[in-house]
Amino acid sequence: MHQKPDGDAMGSTLGLYHFLKQLGHTVTVISPTNWPSFLNWMPDSKLVIDYEAYTQKADAIIDEAEWIFCLDFNTLSRTKKMEPKLDSSTAVRILIDHHQEPQVDKFAYGVSDTGKSSTCEMVYDFIVNSGNTDKINIEIAECLYAGVMTDTGSFRFPSTSASVHRMVAALKDKGLEHSDVHEAIFDNNTENRYRFLGNILSNRMELFYEYNTALIVIPQSDLIKYNAKTGDTEGLVNYPLGIQGIKFAAIIIDRGEERKSSFRSKGDFDVNTFARKYFNGGGHYNAAGGNSKEPLEEVAAKFITAMKENKDQLSTYKF
Ligand code: 5GP
Ligand code: MN
């Protein structure tokens with residue numbers, strides 16, 4: 001999975017793990033970094049190895065591996081410190097992913113489909129299309145549901161196809177308690193996170209109504225003051241999109257070693273192209289991200305310049 005995994009990255013890898021295990025394989029799930037605590041309820045998440053924390057152990061497993069499934073990312077750089085190890089491994093690398101522009105020469109086999117809602121949906125298709133629907137147990141159902149639910153913004157994004165709903169119906173038939181998964185993911189916040197959110201929305205959000213755009217800039221001092229953990233900034237970028245008139249939202253976070261940006265849009269503004277062009281990043285049409293090495297103020301200034309350059313596309317608003 002990619003670094004700082006989200007629900008889809010963790011759900012797809014653990015879902016695949018619970019499937020492959022039943023076929024008699026020895027399977028290990030490795031995350032390049034730590035992950036948000038709201039994913040710890042996932043069945044067997046305790047067995048996932050954090051590459052940064054247990055590099056030697058993970059390297060030994062990669063050395064032994066015959067097959068490496070790469071899920072929810074398509075360029076090896078998305079695995080950060082794990083990249084050189086993955087790149088030099090002699091194992092057969094298989095890609096299952098829904099992002100644009102895969103690094104095709106790095107994978108022996110794979111499915112890459114930007115039309116898919118989530119990697120979890122693709123793992124579901126993989127299990128079903130290989131004739132193994134009967135192997136879908138409650139563990140797999142919970143993992144895959146979590147990823148498809150989070151990657152579709154709780155079934156609201158345009159990527160939520162009829163087949164997504166059919167998949168969910170099939171998982172329900174397997175006994176999935178979907179309310180429990182929603183609770184485990186969304187009603188699992190610390191008080192600190194809500195105080196942090198209050199501060200961000202009051203003090204760090206700027207609106208540019210002329211451009212239907214909102215920008216949130218978070219200095220490192222806020223992360224320290226509110227003791228923000230991995231995952232506490234997840235989803236913050238979506239809040240401004242709920243404001244009347246806003247169709248493009250950006251967040252820039254000073255993570256110390258780099259400035260991390262996230263971009264979200266509603267409707268016809270392509271944030272994937274925007275992220276690639278200005279912020280060394282990428283993603284999907286309505287959700288993308290990037291990173292920069294420059295100081296926070298410079299990155300924020302660069303954003304405002306880029307926003308102004310895109311005035312023609314930004315100034316139209318649907319509702
Ligand atoms: P997020 O904003 O949640 O970090 O990421 C949104 C989407 O953009 C994800 O699908 C993710 O894969 C992609 N993305 C985020 N950051 C980067 C980046 O630095 N480079 C690339 N290529 N994609 C990114
Ligand atoms: Mn995904």
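For ligands, and for the atoms within them, numbers begin at 1 and follow the listed sequence.
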Atom 23 (N) of ligand 1: the protein heavy-atom neighbour that sits closest, reported with distance to 0.1 Å: Gly282 O, 3.3 Å
Name the option, out of Arg264, Glu234, Glu101, His99, that contains the heavy atom nearest to atom 9 (C) of ligand 1. His99
Please indicate whether Glu257 has more than 12 foreign heavy atoms, meaning atoms of other residues, nucleotides or ligands, lying under 6.0 Å from its CD. yes
Tell me the nearest of Arg78, His2, His284 to atom 11 (C) of ligand 1, using heavy-atom distances. Arg78
Judged on heavy-atom distance to atom 4 (O) of ligand 1, which of Gly283, Ser262, Ala288 sits nearest? Ser262
Angle subtended at the Mn ion (ligand 2) by OD2 of Asp8 and OD1 of Asp72, nearest 10°: 90°
Taking atom OH as the centre, does Tyr317 end up with more than 12 heavy-atom neighbours from other residues, nucleotides or ligands that are less than 6.0 angstrom away? yes
Protein contact to atom 15 (C) of ligand 1 [nearest heavy atom, distance to 0.1 Å]: Gly289 CA, 3.4 Å
Considering only non-hydrogen protein atoms, determine which one is nearest to atom 16 (N) of ligand 1 and report residue, atom name and distance to 0.1 Å. Lys260 NZ, 2.9 Å
Which atoms from ligand 1 have a heavy atom of Asn291 less than 4.0 Å away? 19 (O)
Quick check: does Cys120 have an N/O/S atom under 2.8 Å of the Mn ion (ligand 2)? no
Any chance the rings of Phe19 and His25 have centres within less than 6.0 Å? no
For Phe248, run the ring-ring contact (aromatic ring centres under 6.0 Å, His included) check against Phe274, Tyr209, Tyr211 and tell me which one passes. Phe274
Pair Arg276 + Glu101, salt bridge at N-O below 4.0 Å: yes
For Lys21, does the NZ atom have more than 12 heavy-atom neighbours from other residues, nucleotides or ligands under 6.0 Å away? yes
Does the side chain of Asp50 come under 3.5 Å of the side chain of Trp35 through a donor N or O and an acceptor N or O? no
N, O or S from Asp151 under 2.8 Å to the Mn ion (ligand 2): yes
Purely on distance, is any nitrogen or oxygen of Phe263 under 3.5 Å from one on ligand 1? no
If you measure from the Lys or Arg side-chain nitrogens to the Asp or Glu carboxylate oxygens, is any gap between Lys116 and Asp8 under 4.0 Å? no
Which protein heavy atom lies closest to atom 20 (N) of ligand 1, and at what distance to 0.1 Å? Gly281 CA, 3.6 Å
